[in-house]
Amino acid sequence: MTPKQLSTVIKTVNLGKIYQQGAVPVPAVRGVDLEIGAGEFVAVTGPSGSGKSTLVHMLGGLDKPSSGEIWLDGRRVDTLRESAWALLRRKKIGFVFQFFNLVANMTVADNVELPALLAGSSPKEARARREYLLDALGLTERSDAPPSQLSGGEQQRVALARALSNRPSLLLADEPTGNLDSRNTRDVLRLLGEVHRDGQTIVLVTHEARVASLADRVVSLLDGQVIDDGTIAVPRRRSRGGAGDVVELR
Amino acid sequence: MRLSLLALLAKEPAHGYELKQALELTFGDAYPSPNIGQIYVTLGRLEKDGLVRAVDVEQSNRPNKKVYYLTALGREKLEAWVDEPTEGPRVRDDFFMKLVLAPMTGIADRMALINRQRRHYLSLMRSLNELADGTDQANRVAHLLIEGAMLHLQADLDWLERCQEELP
Ligand SMILES: Nc1ncnc2c1ncn2[C@@H]1O[C@H](COP(=O)(O)OP(=O)(O)O)[C@@H](O)[C@H]1O
Ligand SMILES: [Mg+2]
């Protein structure tokens, strides 16, 4: 399948964001044209300050563009007011924030079930989905804990479970493996791979190449602009073992 | 490979094929397995240098096999190897030379060079991911080896990013 044959989930036209820092305008995102098809897994990479968070925040309606357009499922959305965005997010978008944003006075289980319930799932469905997601992320035992009792890495995984709870048409994730050790990263990557195989569209910000390399496509930002956008070649195996150029003992 | 063979022989005497198997078992698919010919050539050289010695062991119904064992000199050599610090990896200066010099000559655009190199590293990372997925979880040695390769690759990518930020 090439992206051309896929229906477009999200599209931006000449998208830009300028922050005002005192009297100084800071261009955080400049002239971004992106088109992401249903079921695509896109990684967004780039150095710190290159505009990755600003870009995905705009895609999720959490930050207003200064210029350009955003289209979601064929509908122009950058012009929507906040209440309409909130509704849209509830139905169509799952968001994993760089800094989690879990509801403090709810248990882990309730945090994860809430978006499914808000999107109209039955309590039974919401519960089954929650159990599946927490299990996949190794968090079943933490179900009844409040977020404040979790480590950073646990909170981050709960945030991912919550974002996937309402089966969104678009998953936006900002550094979802930033606080994880390698084993938890593996669980997160496995779950992302699983939902991706089930057709989940994913836009994931990361500076970790290990995570980026799992995507179908990598968009690289520098100074707020897209400097590269392409698919990652699946390497041809050299004989048994492959990767022999990287793993080399003498 | 000389020193890995000495190390294996320090554990117990072995013939060439056993050494090949021991390497494969220890490092898994992460290690490009040496062919048996390479191993015999190396053993021959080690023998010539007095670091190992071979004895012929008779086998019923089969030709004799050569079993190698470590000499005192071999053990000294091995201990010296273990005792000295190991050189750190060097930066990939070949790409850096291209990156600095090619634009000066007008042969290539720096941005295009960096983008191509990034994609190449990412595809290597992808093959390491696949290698990790296909490697038995119980083989910690192989997984650590792959993780080491991933961390080096991440450093290369971070450095690429620095080049992109700093070079005009
Ligand atoms: N709320 C804000 N106010 C002012 N400047 C901001 C704000 N958020 C981000 N920036 C600036 O915008 C640029 C891009 O930031 P960001 O999108 O967070 O980058 P990244 O996620 O790639 O690290 C940076 O220069 C940052 O300082
Ligand atoms: Mg960020």
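Here is how names work: the chains are called A, B, and so on, in the same order as the sequence lines, proteins then strands, and each is numbered from 1. Computed from heavy atoms alone, side chains included, the values below leave out hydrogens, waters and symmetry copies. Source: prediction; values computed, not measured.
Rounding to the nearest 0.5 Å gives a distance of 8.5 Å between CD1 of I232(A) and CG of D216(A).
Residue pairs meeting the side chain to side chain donor-acceptor pair (under 3.5 Å) criterion with at least one partner in residues 41-57 of chain B, sequence neighbours excluded, are R2(B)-D49(B). Legend: ring-ring contact (aromatic ring centres under 6.0 Å, His included) pairs involving residues 37-90 of chain B, not counting sequence neighbours: none detected. Residue pairs that meet the ring-ring contact (aromatic ring centres under 6.0 Å, His included) test with at least one member in residues 9-60 of chain A, sequence neighbours left out, are F41(A)-H196(A), H57(A)-F95(A).
Interface summary for chain B: among S213(A), S220(A), G46(A), the most heavy-atom pairs under 4.5 angstrom belong to S213(A).
In this structure, R190(A) does not pair ionically with E194(A), as no charged nitrogen and carboxylate oxygen lie closer than 4.0 Å. Contact check on R118(B) versus D228(A) returns a salt bridge, with a Lys/Arg side-chain nitrogen under 4.0 Å from an Asp/Glu carboxylate oxygen.
Contact of R162(B) with chain A is not made at all, since no heavy-atom distance falls under 4.5 Å. Heavy atoms closer than 4.5 Å to chain B are found in the side chain of R186(A), but not in its backbone. In this structure, the portion of E161(B) lying under 4.5 Å from any heavy atom of chain A is its side chain and not its backbone. Contacts between A215(A) and chain B at a heavy-atom distance below 4.5 Å involve the backbone alone (N, CA, C, O). Both the backbone and the side chain of I227(A) come within less than 4.5 Å of a heavy atom in chain B. At a 4.5 Å heavy-atom cutoff, the contact between L157(B) and chain A is made by side-chain atoms alone.
Residues of residues 107-115 of chain B having a heavy atom under 4.5 Å from any heavy atom of chain A, listed by number: M111(B), N115(B).
Nearest heavy atoms, I70(A) versus P65(A): CD1-CG, 3.9 Å. Here the closest non-hydrogen pair linking S4(B) and L23(B) is CB-CD2, 4.3 Å.
When only modelled atom types and interatomic distance are considered, T8(A) and E35(A) share a side-chain donor-acceptor pair under 3.5 Å.
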